[in-house]
Each structure stands twice: as structure tokens, then as C-alpha cells.
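Because the structure is a prediction, the values reported are computed rather than measured. Quick note: numbers below take in every heavy atom, side chains included, and nothing from hydrogens, waters or symmetry partners.
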Amino acid sequence: MRLRLFLLLPLVFSIFAHAQQVPSAQQQKLLDLTNQARAQQGLQPLQWDPSLAAAAQAHAQKMFDQHSLSHQLPGEADLPTRTGQAGAHFRAIAENVAMGNGAEGVQKEWMNSPPHRANILDPKLDHVGIGVVEHAGYWYVAVNFEQQVANAGPGQVEQKIAGLLRQHGIDPSQPPDAARKDCAVESGDASGSRPLFVMRWETSDLTRLPDPLEQRLSTGRYKTASVGACSGQQNGNQGFTVYRIAVLLY
């Protein structure tokens, strides 16, 4: 029987199903084939994400129930929403879906399809969840890929940014309340603490400071800082994770 497949290209942006902490034998087979393909291209293996797997399994089940191949079935949320509802946090999300005969057949057709292959071999994507429903040897498959973002609370975000400031010789021990107040507004000095410089930004990457802030720090004018985090924009997609941060320099 000829394989049917479809894909959704990557998007840059809790399905309340039981999170699959350990892949089933079917899921593991597809995971191994996917990571073998990545290894052949010198890419890092994809890590298993239980939240993505829960969303993928729910979607594969819906495809089986409706005997339909689609990224969004009637009455179903779109990919970013349903993966976000399952608990995933990401800055990019992509999906391959297929109906075919077993893991090898599905994987072979994906690798022969440039858009599906691009998802599998995308170096930016680092986590994966796989859903499989099998009936009489015929597989309904959904694979969700993501570039994962750590699920960090405001205190954790502030600690990460404080650590980066210390690397630049800045003492981030000023009370965070001042920066939290300024974080919640678009401009001005809501805290009344009279900082020499205020930087506000939104990001999903907590491993680096924005270039304008690093340029300011390089002047050597500043000694201490207040760091605050507040709610970032979600752009209507629960899983697309953005942190809003303010740094006040003194």
C-alpha cells in the first residue's frame, strides 16, 4: 500500500494527555531511525520530550479515528496550541505526519521528501515526540519537533541574567523590585530608583545578553544592577515561550 504523508513547516513562535516518559517500541524505532539519519549528517541526536509525545500520540489517534491525514483535524487546535497545551515550551515547532507500512516505510518516504527531510535534519531542532497508532500493520504517525526553551519562572530568569552580568563585572545585588516595576512598563522609570541606564527586552534565549546591553557594559561606567522579570508576550500560542526582562544599571 502506498504511503501517504504530509508535513507542516517549522514555525518560529497542557492536549491534556498522559506524558509518555519512555518511548514505546514503535516510537523508539522511529526515534532511532531519525537519529541515525541525523548522525549521518553530523548532527546531534534529538532528545525525547514527553510533552511533545503526548501531543503527537493524541493527534495520531485522531487521524486513525477519522481515517484522515492532516495537521489539524476538525475540532482540533493547531500545532503550536496543542503542543503548548500538552506542556511543551519552544521557540520553534515543526511536524511530520504520515500513514504507511511500518517505521522503515514511513522514514524512507520522509527522507525522500525534501520538506520532510528538512524537518528531520534541521540542526536548530533538538527535541522530538512521536505518536503511533497501528492497525493491521498500517501506521498512523505524527512526529513533533521543537527547539526547546527551558520552562523557567521569574526568579530563575533573574538568576540566569544576574549570572551573565557577573561575567561582565557587574554586581546584580540591587533589590529586584525596581527592575520588576520597570519591566512591566514600556518606557520611563516606574521604580523611581534613578538608574543610569534601563534595558528592557523579550527573549527565549537566557544564555546571552542583548548586544546593546553588552555594549553599555563594555564602557565600564556601571557597577551594580537590578534584574527583574515579568510576563512576556505569548502571541496567542501557549507553547511559544518568551521571557520579558529588565536590567537597571547604576
Side-chain angles (χ1 to χ4, degrees), residues 10-16 19 47 49-52 55 77 79-93 124-127 145-250:
L11 303 170
V12 177
F13 302 62
S14 266
I15 317 243
F16 298 102
Q47 302 299 310
D49 185 292
S51 297
L52 287 181
L79 175 65
T81 301
R82 66 176 184 263
T83 50
Q85 288 174 343
H89 294 268
F90 47 81
R91 71 187 70 171
I93 187 78
K124 298 189 301 296
L125 302 174
D126 49 30
H127 284 73
F145 309 87
E146 72 178 357
Q147 184 181 14
Q148 191 176 79
V149 174
N151 182 20
Q156 294 171 303
V157 173
E158 291 167 0
Q159 290 175 11
K160 289 181 180 292
I161 300 303
L164 296 175
L165 290 171
R166 291 189 186 94
Q167 295 176 16
H168 289 270
I170 302 296
D171 175 10
S173 62
Q174 291 285 346
D177 289 348
R180 290 170 182 168
K181 291 179 180 178
D182 282 346
C183 181
V185 299
E186 294 300 322
S187 62
D189 177 21
S191 68
S193 62
R194 297 185 179 180
L196 298 176
F197 179 73
V198 178
M199 180 77 197
R200 302 175 181 87
W201 74 100
E202 291 188 347
T203 185
S204 56
D205 185 358
L206 299 178
T207 65
R208 61 184 301 274
L209 299 173
D211 290 340
L213 180 55
E214 289 199 339
Q215 292 170 6
R216 284 280 181 163
L217 297 176
S218 68
T219 67
R221 294 179 55 199
Y222 311 102
K223 303 301 180 184
T224 64
S226 170
V227 181
C230 56
S231 298
Q233 296 179 358
Q234 295 302 312
N235 298 322
N237 294 303
Q238 183 172 339
F240 187 75
T241 302
V242 177
Y243 303 108
R244 182 170 172 83
I245 305 161
V247 168
L248 281 54
L249 299 178
Y250 303 91

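- The line from NE2 of H168 to CZ of R216 is 15.0 Å long, rounded to the nearest 0.5 Å.
- The side-chain heavy atoms of C183 and R200, taken from C-beta on, include no pair separated by under 4.5 Å.
- For the pair L217/L165, a side-chain contact is recorded, criterion being any heavy-atom separation below 4.5 Å from C-beta on.
- Here the side chain of R82 pairs no donor or acceptor atom with the backbone of A55 at under 3.5 angstrom.
- Taken to the nearest 0.5 Å, the NE2 atom of H127 stands 3.5 Å off from the CD atom of Q148.
- Between the CZ atom of R208 and the CG atom of L213 there is a distance of 10.5 Å, given to the nearest 0.5 Å.
- Judged by distance alone, the side chain of D182 and the main-chain N or O of S191 form a donor-acceptor pair under 3.5 Å.
- Between the side chain of E158 and the backbone N or O of A229 there is at least one donor-acceptor pair closer than 3.5 Å.
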Start with the C-alpha distance between E186 and R244, add both sets of side-chain angles, then the distance that settles salt bridge (Lys or Arg N to Asp or Glu O under 4.0 Å), and finish with yes or no. CA-CA 11 Å; E186 294 300 322; R244 182 170 172 83; 3.6 Å; yes
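- At distances below 3.5 Å, at least one donor-acceptor pair connects side-chain atoms of T83 with backbone N or O atoms of L79.
- A donor atom on one side chain and an acceptor atom on the other are found under 3.5 Å apart for S173 and D171.
- Put simply, the side chain of I93 does not reach to within 4.5 Å of the side chain of L125, judged on heavy atoms.
- With contacts defined as side-chain heavy-atom distances shorter than 4.5 Å, the pair L248/Q174 does not qualify.
- Side-chain atoms of F90 and Q147, non-hydrogen and from C-beta on, never get closer than 4.5 Å to each other.
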Audit row: D205, T207, side chain to side chain donor-acceptor pair (under 3.5 Å) steps and yes/no: CA-CA 6 Å; D205 185 358; T207 65; 2.5 Å; yes
Starting from the C-alpha separation in whole Å, work towards a yes-or-no answer on side chain to side chain contact (heavy atoms under 4.5 Å, CB included) for I245 and L206. CA-CA 10 Å; I245 305 161; L206 299 178; 4.0 Å; yes
Could you walk me through whether S204 and T241 pass side chain to side chain contact (heavy atoms under 4.5 Å, CB included), step by step? CA-CA 6 Å; S204 56; T241 302; 5.6 Å; no
Kindly indicate, with the supporting measurements, whether the criterion side chain to side chain contact (heavy atoms under 4.5 Å, CB included) is fulfilled by L249 and K223. CA-CA 7 Å; L249 299 178; K223 303 301 180 184; over 6 Å; no
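- Remark: the D126 side chain and the Q47 side chain contain no N/O donor-acceptor pair separated by less than 3.5 Å.
- Looking at Y243, its side chain does come within 3.5 Å of a backbone N or O of A152 through a donor-acceptor pair.
- Judged by distance alone, with hydrogens and angles left aside, the side-chain atoms of R180 form no donor-acceptor pair with the main-chain N or O of G228 at under 3.5 Å.
- You'll find the side chain of I161 reaches within 4.5 Å of the side chain of V247, heavy atoms only.
- Side-chain contact between E146 and H89: absent, with no pair of heavy atoms (C-beta onward) separated by less than 4.5 Å.
- Side-chain atoms of Q156 come within 3.5 Å of backbone atoms of G153 as a donor-acceptor pair (strictly under, hydrogens ignored).
- Side-chain atoms of S226 and Y250 include no donor-acceptor pair closer than 3.5 Å.
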